[in-house]
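Below, chain A is the first sequence line, B the second, and so on; all start at residue 1. Here the structure is a predicted model, which is why all the values come from computation and not from measurement.
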Amino acid sequence: MGNLQNNLFDIFYMDTLACSKTWIHSLDPRAKVLTTLLFVGIVVSFGKYEISILIPFMLYPVIMITWANLPIIYLIKKMVLLMPFAFFIGIFNPFIDRDIILKIDLTFISLLDIARFVDLTKFIEIMGLQNSTGVIEISGGWLSFFSIMIRFSLTVSAALILISTTGFDSVCLALQKFRVPSPFIVQLMFLYRYMFVLIDEASRMVRARSLRTFDADSKMRFSLFVPMIGQLLLRTLDRAQRIHLAMCCRGFDGHIQMVRKMSFGMKEILFIAGWSFVFVMFRLYNIPLNLGILLSKLY
Amino acid sequence: MHMADALISPAVGCTMWVVTASLIGYCSKKVKSEMYDEKVPLMGVLGAFIFAAQMINFTIPITGSSGHLGGGMILSILLGPHIAFLTMASVLTVQSLFFADGGLLALGCNIFNLGFFPCFIAYPLIYKNIVRKVHTQPYSHQNQQKKDKYILIGALIASIVGLQMGAFAVVLETLFSGISELPFGTFLLMMQPIHLAIGVVEGVTTAAVVIFIWKARPEILDSALSTSSLSNSKLNSNSKSLSIRNVVIGVALATILTGGVLSWFASSNPDGLEWAMFKTSGVEELKTQEGIHTSLSAIQEKIAFLPDYGFKSNELSESNKSSENPNLVDSDSNIVNAGTSVSGLVGGTLTLLFTVVIGVALKRRKSKITIS
Amino acid sequence: MSHHIVQADNLHYIYPDGTIGLDEISFKIHHGESVALVGSNGAGKSTLLLHLIGCLTPTKGDIRIGDYPLNKKNLKAVRRSTGMVFQDPDDQLFMPTVFDDVAFGLINFGVPESEIENQVMKALEIVGVPHLSKRSPHKLSGGEKRAVAIATVIATMPDILIMDEPSSNLDPASRRRLINLLKTFTHTKIIATHDLDMALEICERTIVLNKGGIIADGNTKELFHNEKLLLESGLEKPLTMQGLR
């Protein structure tokens with residue numbers, strides 16, 4: 001119960017974030033939806049051992065968060081809370097895929113004087129990597145594991161940024177403009193609207209029960225669970241009927257229209273084009289690698 | 001279980017998106033054609049109900065773990081498969097956007113796994129067929145027990161089958177994506193039994209709630225059943241079963257078609273986008289770039305990170321890279337150029353630092369502006 | 001349109017399970033009148049209101065709203081001329097934002113798009129909450145929700161306002177604001193309520209219902225002095241009158 005209510009506060013908070021007034025917020029929702037989809041699509045299109053090439057993509061969340069003035073600590077916290085899922089799936093990889101596919105010559109690194117700042121040998125010990133003759137050998141499993149984690153944070157942050165800069169109803173409107181069938185859009189809007197009402201109702205029922213059970217942490221029995229859910233369902237059905245009445249009284253005849261001004265102007269085109277260009281560049285050129293090569297040449 | 005973006009390849013993700021989108025389109029059309037206006041609020045509020053109902057947990061005896069109401073099956077029983085599918089889709093969409101359950105690319109998979117199987121397979125083929133026998137009789141004390149039993153059996157089997165299929169789909173999708181290393185068999189052995197247990201819990205709760213509703217307000221179920229499912233299907237059972245069959249066939253075709261095209265595209269060109277880029281930019285540019293160190297090392301790095309690992313990638317690099325640039329394959333692809341990987345490491349760290357610096361700088365500038 | 005009469009003629013309603021909902025209800029409400037509908041829980045107030053907006057069809061008897069008899073054919077026209085404020089504002093505010101909610105009725109009744117924003121803001125200004133237009137309903141307080149619910153109804157400029165328990169669940173200040181607001185409305189008003197003090201302030205006429213039938217219909221002040229009648233119908237003398245003995 002606590003969990004879902006916390007989630008509700010989360011949604012509340014993200015809703016509030018979506019109401020702020022930065023120029024990112026004022027962009028047409030369609031531009032943000034498209035950019036997010038492109039971002040997610042490109043990020044997941046990499047091979048499973050890619051790590052370095054994914055790093056530049058962090059620029060997108062970082063810049064969006066600062067432009068849109070989002071609370072970075074909050075978003076990171078939210079992401080960390082979601083981590084375990086990807087972690088548990090990904091963590092199998094290092095155990096199964098043990099072929100060494102990456103070797104890093106430590107002697108080479110010592111040339112770069114990095115060893116002065118980071119004690120790599122300790123790092124290697126902690127990571128449980130084999131260390132033979134100054135060469136770190138990293139198995140494919142570890143690479144793909146880190147790749148999964150990076151992808152996960154990138155895609156999740158993109159979704160969170162979308163929702164907290166745009167707001168759910170604007171995302172729905174954007175989807176409607178993209179020709180998503182209207183029953184589905186209406187369904188999404190109603191679900192979102194009444195989620196708050198019904199979760200509130202459910203939590204009141206749960207609270208009422210726990211106040212009448214004198215054993216503090218007594219478990220909910222199945223025989224109690226069923227009538228409770230049943231009651232909630234009946235109330236929900238009644239509510240649906242009342243809402244339908246209220247809709248009919250205001251002339252509802254099966255169509256829901258909304259008058260919203262949406263303007264897809266120069267700003268939106270530049271936003272999409274700019275990010276698309278950046279993403280494609282990041283996709284085509286391994287910037288970190290080239291940077292590294294450049295640097296090592298200087299030495 | 002929810003699929004996650006990180007575990008899914010674009011080919012699988014897109015295939016399932018196409019399949020799910022066409023299902024949503026089909027259901028929307030279907031729903032619109034039958035007494036839609038009354039159902040608008042009903043669908044929405046029941047979607048919210050699924051959320052709220054998940055707050056109420058009961059304790060499963062002996063195990064000590066807790067269970068709650070599942071979604072797809074009870075919605076199908078209350079509203080019929082089409083509305084139930086749309087409602088499940090909306091629930092999962094909200095979850096993916098706010099709780100980042102799954103993610104955007106995996107949304108197609110999740111809607112399919114958790115919506116399609118219970119609504120379009122388990123409900124019409126199993127639940128309906130079992131409950132049909134007792135449905136036409138009015139609810140009375142004589143046949144009450146018999147009815148309860150049929151509902152329980154129907155919901156139980158349908159839930160189990162629906163979830164087993166969903167779990168199997170998760171395994172298949174993960175396998176085809178090839179991001180996770182879990183072997184097919186192990187994953188399958190992990191997923192199926194867990195979902196058997198979940199299916200039993202979902203079946204029992206669904207049946208209990210349906211029986212509760214039937215006793216308290218029989219007209220709700222009657223009207224729900226008559227508008228879009230049972231009695232209707234009795235009148236014209238031919239057309240009804242045909243429509244379900246059409247859905248299944250359509251879905252299968254869409255999956256095979258999109259999946260086939262995309263996987264062909266992906267397998268013959270491991271980097272679809274890049275391939276498209278080169279294709280559009282033409283060979284000329286490719287040639288001029290060949291001399292440039294950066295582009296060459298980019299490809300080289302790709303080989304370094306994707307060595308001959310397993311037969312699949314071997315075949316891949318042979319068939320594809322060789323045609324593009326034979327020199328690269330000849331170079332010893334199994335031995336990783338230490339210099340290259342170190343460059344990647346150093347460059348990656350630098351890029352990361354750079355990103356953070358940009359963020360901090362932007363933030364600074366911003367706060368300065370607001371202060372002044 | 002000059003006579004916004006609400007007329008009920010010998011209304012009977014029996015619920016499907018056999019309970020009597022309405023029993024021989026007849027009344028006539030004239031243009032501009034404010035009528036309070038009072039009675040204990042289950043006396044039939046809500047049932048009567050549902051009949052007036054055409055959501056329930058009487059088992060026997062007729063309803064006339066304005067120039068039309070209430071039937072399937074006239075339903076849309078009747079609903080256009082009546083506005084119903086429901087008891088739970090959450091049922092009435094179903095759109096993503098306050099603006100969309102107020103605009104909902106306008107769009108359905110075919111108001112041209114260019115005028116919609118204007119009329120929405122006008123309605124919100126009347127109830128005193130123009131600043132809420134971009135907010136989502138789930139983030140409003142109880143009082144704000146009620147105000148917006150009223151705005152959604154008056155936006156379409158109905159002739160007759162029908163309200164179910166408008167002052168329930170409001171804090172005293174919000175209730176006072178509501179009463180002052182309702183006093184300024186010149187619509188024909190039919191208000192079902194338990195809040196007799198509010199009825200006393202707003203409505204010059206009161207209809208008392210008991211067990212589905214009308215047991216009194218007359219001047220509010222006079223009726224509320226009749227303690228026997230009030231007791232009989234599960235009511236109590238309004239607090240403001242208790243001191244005036």
Side-chain heavy atoms of L245(A) within contact of M84(C), under 4.5 Å: no
Quick check against the 3.5 Å criterion: does R193(A) have a side-chain atom that pairs as donor or acceptor with the backbone of T97(C)? no
Does K139(C) form a side-chain contact (heavy atoms from CB on, under 4.5 Å) with C19(A)? I'd like the steps, not just the answer. CA-CA 12 Å; K139(C) 282 202 221 146; C19(A) 291; 4.0 Å; yes
Of the backbone (N, CA, C, O) and the side chain (C-beta and beyond), which part of Y194(A) lies under 4.5 Å from a heavy atom of chain C, both, or neither? side chain
Which answer fits F252(A), side chain, backbone, both or neither, if we ask what part of it has an atom under 4.5 Å from a heavy atom of chain C? both
Chain A contact via T156(C) - side chain, backbone, both or neither, heavy atoms under 4.5 Å: neither
Is C249(A) close to chain C through its backbone or its side chain, or both, or neither, when contacts mean heavy atoms under 4.5 Å? both
Per-residue contact mode, M195(A) against chain C (heavy atom under 4.5 angstrom): neither
Please test Q92(C) against R250(A) for side-chain contact (heavy atoms from CB on, under 4.5 Å), starting from the C-alpha separation and ending with a verdict. CA-CA 10 Å; Q92(C) 193 146 17; R250(A) 282 190 274 153; 3.6 Å; yes
Can you establish whether the number of heavy atoms outside D238(A) located under 6.0 Å from its atom CG is more than 12? yes
If you draw a 6.0 Å radius around NZ in K211(C), do more than 12 non-hydrogen atoms from other residues or ligands fall strictly inside? no
With side chain to side chain contact (heavy atoms under 4.5 Å, CB included) as the test, pick out the partner of H138(C) among D200(A), I11(A), V197(A), D15(A). D15(A)
